[in-house]
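Here the structure is laid out as C-alpha cells; the discussion comes afterwards.
Starting from 1, each residue takes its place in the sequence as its number.
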Amino acid sequence: MLSDVMEDYLKGIYDLQREGGAPVETSLIAGSLDVTAPTVTSMMEKLEERGLVAREKYEGVELTDEGETVAVEIIRHHRLLEAFLVDHLDYEWTEVHEEADVLEHHISEEFEERIAERLGDPTVDPHGDPIPEATLEPPTADETRPLGEFAVGDCVVVARVRDRDEDELEYLAEAGIVPGRRLVIEEKAPIGMLTVSHGDGQQNLPDEVAGTIRAQTVDVDTEEQSDARHVTEL
C-alpha cells in the first residue's frame, strides 16, 4: 500500500516527464512539490525499492511502467473528481484542485467507475486537462502550445489552463478565457504583455499567465479570422 505522499511524488514526476522528458532531476521534483532536495532523494530511494522509479546517477529519475500506471490512475481519480465537484456539487473551477488533491487517494475503483458513469465518461476535466481512460493508458500527446508561442494574427482555441493557482483561475474566468474559447492574438508587447480578443472584447495577459494557457490553431479562412473576435466558443 502506497502512502498519499508516495502517490503525490509519482504524479509529480509523471507531470514533469510529460513537460520536459526523462530522466527528471531532483531539483525539479523538489521545486514542483515544494520540498528539499534531500527529502526528494530519500523518497526516491523508497520508490526505487518498490520498483516504481528507476534512478540514474547524476541524471535523475524516471517512472517505471508500474510507477507510471499508478500515477495515471491517481490523475484519473483527480480529474474525474474535479469534474464531479463542478458538475454536481456546484463548486467553482477555482476551488476543485485542492479538494481533488485530498480525495484522489481515497476513492475505490467502484466509486471511480460510478463517478465516470454519472458524468457520461468525460474526456477532459473543467480546466481542459485530458482524463485518462479506465484502461490507464497515458493520454496521447496533443498539438497544443503555450498561448505566448503563437504569432500576432493567429486564431486559436483555448485547450486547457493550469489548475493550481486559484487567483489565476479567477482572473481567467473573469476575462472569459476558458477551455473552448476562441481567441485572436492581437499584440505581443515587449513589456511582457500579450493582448488577445474574443467576443467580449480584448484582454491583456502577462506573459507568465499566457504561458499557463495551452491552445491550438483553428483552421479558418481569412474572412473567418476577421470575424473570429465575434465568436465566443467553438
Going by atom types alone, do [X] and [Y] pair a side-chain donor with an acceptor below 3.5 Å?
{"X": "Thr144", "Y": "Arg214", "answer": "yes"}
{"X": "Asp8", "Y": "His105", "answer": "yes"}
{"X": "Thr195", "Y": "Gln202", "answer": "no"}
{"X": "His106", "Y": "Asp4", "answer": "yes"}

Verify, without hydrogens or angle tests, whether [X] (side chain) and [Y] (backbone) share a donor-acceptor contact under 3.5 angstrom.
{"X": "Ser42", "Y": "Thr39", "result": "no"}
{"X": "Glu149", "Y": "Pro146", "result": "no"}
{"X": "His127", "Y": "Trp93", "result": "yes"}
{"X": "Thr64", "Y": "Gly51", "result": "yes"}
{"X": "His198", "Y": "Ala175", "result": "yes"}
{"X": "Lys188", "Y": "Gly148", "result": "yes"}

- Task: Please step through side-chain contact (heavy atoms from CB on, under 4.5 Å) for the pair Glu82 and Asp163, ending with a clear verdict.
- Result: CA-CA 10 Å; Glu82 287 190 335; Asp163 64 356; 3.3 Å; yes

On a heavy-atom basis, which atom in [X] and which in [Y] lie closest, and how many Å separate them?
{"X": "Pro122", "Y": "Ala116", "answer": "CD-O, 4.1 Å"}
{"X": "Leu169", "Y": "Arg162", "answer": "CD2-O, 3.4 Å"}
{"X": "Arg160", "Y": "Pro130", "answer": "CD-CD, 4.4 Å"}
{"X": "Tyr14", "Y": "Pro138", "answer": "OH-CB, 3.6 Å"}
{"X": "Pro179", "Y": "Pro126", "answer": "CG-O, 4.0 Å"}

Any non-hydrogen side-chain atom of [X] less than 4.5 Å from a side-chain atom of [Y]?
{"X": "His78", "Y": "His97", "answer": "yes"}
{"X": "Leu52", "Y": "Lys46", "answer": "no"}
{"X": "Glu109", "Y": "Glu73", "answer": "yes"}

Please report the interatomic distance [atom1]([X]) to [atom2]([Y]), rounded to the nearest 0.5 Å.
{"X": "Asp121", "Y": "Ile115", "atom1": "CG", "atom2": "CD1", "answer": "12.0 Å"}
{"X": "Thr69", "Y": "Leu63", "atom1": "OG1", "atom2": "CG", "answer": "9.5 Å"}
{"X": "Glu170", "Y": "Glu92", "atom1": "CD", "atom2": "CD", "answer": "8.5 Å"}
{"X": "Leu147", "Y": "Ile185", "atom1": "CG", "atom2": "CD1", "answer": "4.5 Å"}
{"X": "Ile107", "Y": "Leu81", "atom1": "CD1", "atom2": "CG", "answer": "4.5 Å"}
{"X": "Tyr9", "Y": "Leu2", "atom1": "OH", "atom2": "CG", "answer": "14.0 Å"}

Taking only Lys NZ, Arg NE, NH1 and NH2, and the carboxylate oxygens of Asp or Glu, determine whether [X] and [Y] approach each other closer than 4.0 Å.
{"X": "Lys11", "Y": "Asp101", "result": "yes"}
{"X": "Asp200", "Y": "Arg181", "result": "yes"}
{"X": "Arg114", "Y": "Glu110", "result": "yes"}

- Which is it for Leu10 and Val53 under the side-chain contact (heavy atoms from CB on, under 4.5 Å) test, yes or no, and what are the steps along the way? CA-CA 8 Å; Leu10 294 173; Val53 302; 4.1 Å; yes

If you count heavy atoms of other groups shown closer than 6.0 angstrom to [atom1] of [X], is the number above 12?
{"X": "Glu143", "atom1": "CD", "value": "no"}
{"X": "Arg164", "atom1": "CZ", "value": "no"}
{"X": "Glu117", "atom1": "CD", "value": "no"}
{"X": "Gln203", "atom1": "CD", "value": "yes"}

- Test side-chain contact (heavy atoms from CB on, under 4.5 Å) applied to Val40 and Val35, step by step: CA-CA 7 Å; Val40 173; Val35 296; 3.5 Å; yes

- Task: Among Glu25, Glu62, Glu49, Glu48, find the residue that satisfies the salt bridge (charged side-chain N to carboxylate O under 4.0 Å, His left out) test when tested with Arg55.
- Result: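 When Glu25, Glu62, Glu49, Glu48 are each tested with Arg55, the salt bridge (charged side-chain N to carboxylate O under 4.0 Å, His left out) holds only for Glu48.
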
- Item | Candidates Thr212, Thr94, Ile213 - the one meeting side-chain contact (heavy atoms from CB on, under 4.5 Å) with Glu168 |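 It is Thr212; the other options fail the test.
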
- Message: Using the rule that Ile, Leu, Val, Met, Phe, Trp and Tyr join whenever any side-chain heavy atoms are under 4.5 Å apart, tell me whether Val178 and Leu194 fall into a single cluster.
- Response: yes

- Message: What verdict does the side-chain contact (heavy atoms from CB on, under 4.5 Å) test give for Met44 and Leu47, after you've listed the backbone C-alpha separation in whole Å, the side-chain angles of each residue and the deciding distance to 0.1 Å?
- Response: CA-CA 5 Å; Met44 292 306 101; Leu47 294 176; 3.7 Å; yes

